[in-house]
2 protein chains.
Amino acid sequence: MDVSTVTIKDVAALAGVSPATASRVLSGNPATSPQARERVAAAVKQLEFQPNAQARSLRSTRTDSIGLLVSDVRNPFFADLAHTVEQSALAAGYVTLLGNANERTDQQDRYLNSLISRRVDGIIVAPQGGDSASIRALIKRRIPTIFVDRVIADIDLPSVTTNSDTGIRQAVAHLAERGHTRIGYIAGPQSISTGRERYSAFTRAIAATGLSADPALIYVGDFQAASGSAAVHALLSLTDAPTAIIAADSLMAVGAVAMLQRLDLRIGEDIALVAFDDIEWFSLLTPALSVITHSVEDMGRIAVQLLLQVIDGQHPQSVVLPSELIIRASSAGAAHATLPPSSRKN
Amino acid sequence: MDVSTVTIKDVAALAGVSPATASRVLSGNPATSPQARERVAAAVKQLEFQPNAQARSLRSTRTDSIGLLVSDVRNPFFADLAHTVEQSALAAGYVTLLGNANERTDQQDRYLNSLISRRVDGIIVAPQGGDSASIRALIKRRIPTIFVDRVIADIDLPSVTTNSDTGIRQAVAHLAERGHTRIGYIAGPQSISTGRERYSAFTRAIAATGLSADPALIYVGDFQAASGSAAVHALLSLTDAPTAIIAADSLMAVGAVAMLQRLDLRIGEDIALVAFDDIEWFSLLTPALSVITHSVEDMGRIAVQLLLQVIDGQHPQSVVLPSELIIRASSAGAAHATLPPSSRKN
DNA sequence: CTGAAAGCGCTTACAG
DNA sequence: CTGAAAGCGCTTACAG
C-alpha cells in the first residue's frame with residue numbers, strides 16, 4: 001500500500017472506529033473512550049499516518065501556521081529576527097512560513113498574496129515602502145497582521161518597533177564630546193518608516209547639541225551595502241568633510257567600512273564610525289565598531305506574542321523597544337580633520 | 001459582504017457562468033470562450049477574489065510550493081542559500097516555505113512533518129546528523145526531495161554538494177609553501193557529511209604534503225562560533241602549537257577570530273588563518289581572511305533545477321561543485337612559532 | 001462516547 | 001466551449 005495515500009478512513013478502518021472518532025482522537029477531543037484512543041493511536045503508528053493539513057484547514061479554518069515577511073534574509077538583523085520569531089512561534093505550536101521581500105514591493109505583494117491563499121492564521125510583516133495593495137488586502141480580509149521593525153504610516157495595525165531616538169541621541173552626544181562638530185549621516189530610504197524616523201532623530205540630536213546641520217552631511221542610501229560605500233565616498237569628497245559618520249543600518253555600515261578601507265583611512269583614528277544595529281561581526285572588526293543596539297530577540301518574541309493576541313481576538317497595544325549606544329574603538333578617539341579621497345591613493 | 005469569504009461560486013454567479021467555467025478560466029484552461037474569460041476576470045477583480053490554495057491543492061494534489069530546510073538561518077551561508085533558492089523557485093512559479101532546523105534533529109523532523117502535511121510539491125533539505133525518521137518518511141511517501149550542501153550517507157537522493165578537496169588541498173599547499181609545518185584544523189561535527197568530508201580532505205592533503213599529522217592538531221567543533229573559540233584556545237595551548245589554522249566553516253572561523261583577538265595574537269603575523277566558506281564580512285576583517293570559496297548561488301540555483309526535474313518525474317544526476325582557495329592577508333605571511341595562551345595576557 | 005451525514009472550496013472526468 | 005455532479009480528506013453539529 002502506498003503510504004502516501006493513507007487517509008483517516010484507513011486509520012479508522014484499521015482501528016475499527018468511524019472516521020469521526022478517529023478525527024476526534026487525532027485532535028485531542030476529550031469525548032473519546034480510552035479504547036478508541038488506544039486503537040487509533042496504534043493504527044496511526046502502523047500506517048504512518050500524516051494528516052493532510054490542507055483538508056484539515058479547509059474544514060476548520062485554522063492552519064496553525066503564521067507567515068513572516070522580512071525585507072531581506074541576507075541582512076543579519078532580519079535573519080536573527082526570523083530565527084527568534086520562528087522559535088517563539090514553534091513554542092506556541094505554530095509553524096512559520098518565511099517569505100523574503102528582497103526589499104522589493106512586488107515580491108512583498110507576491111508573497112503576501114501567496115500567504116493569504118494559504119490561509120495562514122496570521123502574518124508578521126516588516127513592510128516595504130509606502131502603501132501596498134496587498135497589505136490593504138490583509139486588512140480588508142481581517143487577517144490578523146502586525147508590523148515588525150517597520151510600519152506603514154496610515155495603516156493602523158499593532159506593531160513592535162524601536163525607539164531610535166535614544167540611541168541616536170547618545171551617539172551624537174558621544175561624538176560631540178569627542179570633539180566632532182561635523183557628523184555625516186548615511187540615511188535609510190525615506191520611503192521606509194525606520195529610514196524616516198532615524199533621519200529625524202538624527203537631525204533632532206544635531207539641533208540639540210548645536211552641531212553643524214549642513215545638509216551636505218546627509219546622504220540618503222537604500223539600506224544596502226553599496227549605498228554605504230557610495231555615501232562614504234561622497235561625504236569624504238566634501239570640501240569640509242565630516243570627521244565622524246553614523247550609518248542608519250548594518251548593511252550600509254558594512255559598505256562604509258569597505259570604502260574606508262579602500263581609501264586607506266583608519267577607522268577610529270582618521271574617522272569615527274557608528275552603526276545602527278548590533279551585528280556579532282561588528283565587534284570583530286579592527287577597530288571594533290561602536291553600535292546603536294536594540295534587541296532583536298525581544299522584537300521577535302513580542303511580535304509573536306502580539307500576533308497571537310490578535311488571532312485570539314484581542315486588540316493589543318503596540319510596543320516600542322529601546323535603543324542604546326555601545327561605545328567601542330571605532331568612535332573612541334578624538335576628532336581629526338579628514339582629507340578628501342582625491343588627495344589619497346585610491 | 002465580507003471580502004474574506006468570497007469563493008469561486010460568488011465569482012461564477014457574478015460572471016454568469018458555472019463554477020466549473022470560472023475554475024477553468026482561473027487555471028488558464030484553453031477550453032474557455034473569450035467572453036467567459038473576460039467576465040470572470042472582471043468578477044475576480046470586482047470581488048478581489050483570492051482562490052483558496054488549500055481547497056485547490058486538496059483536489060489537484062499540486063500546491064506550487066516547495067519546502068527548504070536549512071540547518072541554521074543565522075549562518076550567512078544558509079541565509080544566502082535561502083535567498084538564491086527562493087529567487088530561483090519564484091522564477092519557476094513556486095513559493096518557498098523556509099524552515100530552520102537550528103542544527104537540531106528534532107526541529108528538522110518537526111518541520112519536515114509539517115511540510116509533508118502541507119503537501120509541498122518537493123523539498124530541498126540540508127540534513128542534520130545521521131539517519132532521521134522524517135527523511136525516511138519523505139522517501140516512503142515518494143515526495144520529491146533533494147539534498148543540498150550536505151547528504152546522508154546511505155540515503156540515495158539527488159544532491160548538490162561541494163567538492164571540498166580542491167580548496168582544502170590548495171589551502172594546505174599554500175600554508176606549507178609559507179613555511180608552516182604544523183597546521184591546526186577545526187573540524188565540523190563528524191555526524192554531518194560536510195564535517196566528515198572536509199576532515200578527510202584535510203588529512204589527505206596533509207599526507208600529500210608530508211606535514212605533521214599529529215592528531216592533537218585536530219579539534220572537532222560543531223559548526224558554531226563558540227566551538228571555534230574553544231578550538232583556538234585548545235590548539236594554542238599545545239606544547240607544540242600550530243602556526244596556522246584552517247576552520248571548516250565560517251561560524252567556527254568567526255569564533256576563532258574572536259578568540260585570537262582576545263589572546264592578542266595578530267592574525268596573519270603570529271598565526272595564519274583560513275576559513276571554509278566565503279562570507280562578505282571576511283574581506284573586511286583586519287587582516288582580510290583567506291577563504292576556501294564555493295558558489296552558494298550555483299548551489300541554490302542547481303538545487304531548484306534538480307528538484308523541478310524530480311517533480312517532473314526525471315532522475316537527475318547529483319551535481320558536485322568546485323571549491324577554491326582565495327589568498328588574502330590572513331595567511332600571506334611566513335610561519336612563526338606561536339606562544340601558548342598561558343604565557344600571554346588573557 | 002459514537003456514527004452518519006453534510007460540507008469546507010475547489011477541480012475534473014463526463015456528457016453534451 | 002460549458003455545466004452538473006462527484007470527490008479530494010478532513011471536521012463538526014446533530015442525534016443518539
Side-chain angles (χ1 to χ4, degrees), chain A residues 1-41 43-44 47-65 114 116-121 141, chain B residues 1-41 43-44 47-65 114 116-121 141:
Chain A
M1 178 164 176
D2 186 347
V3 78
S4 69
T5 66
V6 173
T7 76
I8 201 170
K9 280 188 195 167
D10 302 314
V11 172
L14 182 61
V17 299
S18 71
T21 297
S23 171
R24 288 192 190 95
V25 172
L26 263 325
S27 62
N29 187 323
T32 46
S33 66
Q35 298 101 300
R37 282 198 287 274
E38 201 171 293
R39 298 170 65 181
V40 169
V44 163
L47 298 174
E48 297 185 40
F49 173 66
Q50 281 278 353
N52 183 327
Q54 322 280 353
R56 170 179 288 178
S57 60
L58 184 57
R59 192 66 177 84
S60 69
T61 72
R62 293 193 46 177
T63 58
D64 292 320
S65 60
S114 164
I116 294 174
S117 282
R118 282 184 170 63
R119 300 295 192 266
V120 290
D121 294 341
R141 287 161 192 284
Chain B
M1 180 165 176
D2 186 348
V3 79
S4 70
T5 67
V6 173
T7 75
I8 201 170
K9 280 188 194 167
D10 302 314
V11 171
L14 181 61
V17 299
S18 71
T21 298
S23 171
R24 290 190 189 96
V25 171
L26 263 326
S27 61
N29 188 323
T32 46
S33 66
Q35 299 101 299
R37 282 197 287 275
E38 201 170 293
R39 298 169 64 182
V40 169
V44 164
L47 298 174
E48 298 185 40
F49 172 65
Q50 281 277 354
N52 182 327
Q54 321 279 354
R56 169 178 288 177
S57 60
L58 184 57
R59 192 67 175 84
S60 70
T61 72
R62 293 194 46 179
T63 58
D64 292 320
S65 60
S114 165
I116 294 174
S117 282
R118 282 186 169 63
R119 300 295 192 266
V120 290
D121 294 341
R141 286 160 193 282

Each nucleotide of nucleotides 6-11 of chain C classed B (base within 4.0 Å of a protein heavy atom), S (only sugar-phosphate) or -, in 5' to 3' order, makes BBBBBB
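In secondary-structure terms, DNA chain C builds stems of at least 3 consecutive Watson-Crick or G-U pairs, each pair having both distances under 3.5 Å, at C:1-3 with D:14-16, C:5-12 with D:5-12, C:14-16 with D:1-3.
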Run the side-chain hydrogen bond (donor to acceptor under 3.5 Å, both in side chains) check on A/Arg119 and A/Thr63 step by step: do they pass? CA-CA 7 Å; A/Arg119 300 295 192 266; A/Thr63 58; over 6 Å; no
Report the C-alpha separation of A/Arg37 and A/Thr32 in whole Å, then their side-chain angles, then the decisive distance to 0.1 Å, and conclude whether the side-chain hydrogen bond (donor to acceptor under 3.5 Å, both in side chains) test is met. CA-CA 7 Å; A/Arg37 282 198 287 274; A/Thr32 46; 2.9 Å; yes
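Neither OP1 nor OP2 of C/dC1 sits under 4.0 Å from any side-chain N or O of A/Ser33.
Of the inter-residue distances, the one linking B/Ser23 atom OG with B/Lys9 atom NZ reads 13.0 Å to the nearest 0.5 angstrom. How far CG of A/Leu47 is from CD1 of A/Ile8: 11.5 Å, rounded to the nearest 0.5 Å. Taken from OG in B/Ser33 to CZ in B/Arg39, the straight-line distance is 8.5 Å, to the nearest 0.5 Å. Annotation: the span from B/Ile116 atom CD1 to A/Glu48 atom CD amounts to 9.5 Å, rounded to 0.5 Å. Of the inter-residue distances, the one linking B/Asn52 atom CG with A/Ser57 atom OG reads 7.0 Å to the nearest 0.5 angstrom. We find the CG-CG distance between B/Leu58 and A/Leu58 to be 6.0 Å, quoted to the nearest 0.5 Å.
Counting non-hydrogen atoms under 4.0 angstrom, A/Pro34 reaches nothing in the nucleic acid.
Going from atom CZ of A/Arg37 over to atom C1' of C/dC1 covers 10 Å, rounded to whole Å. Rounded to whole Å, the distance from CZ on A/Arg39 to C1' on C/dC1 is 14 Å.
Taking the C1' atom of each, C/dT12 and C/dG16 are spaced 16 Å apart, rounded to whole Å.
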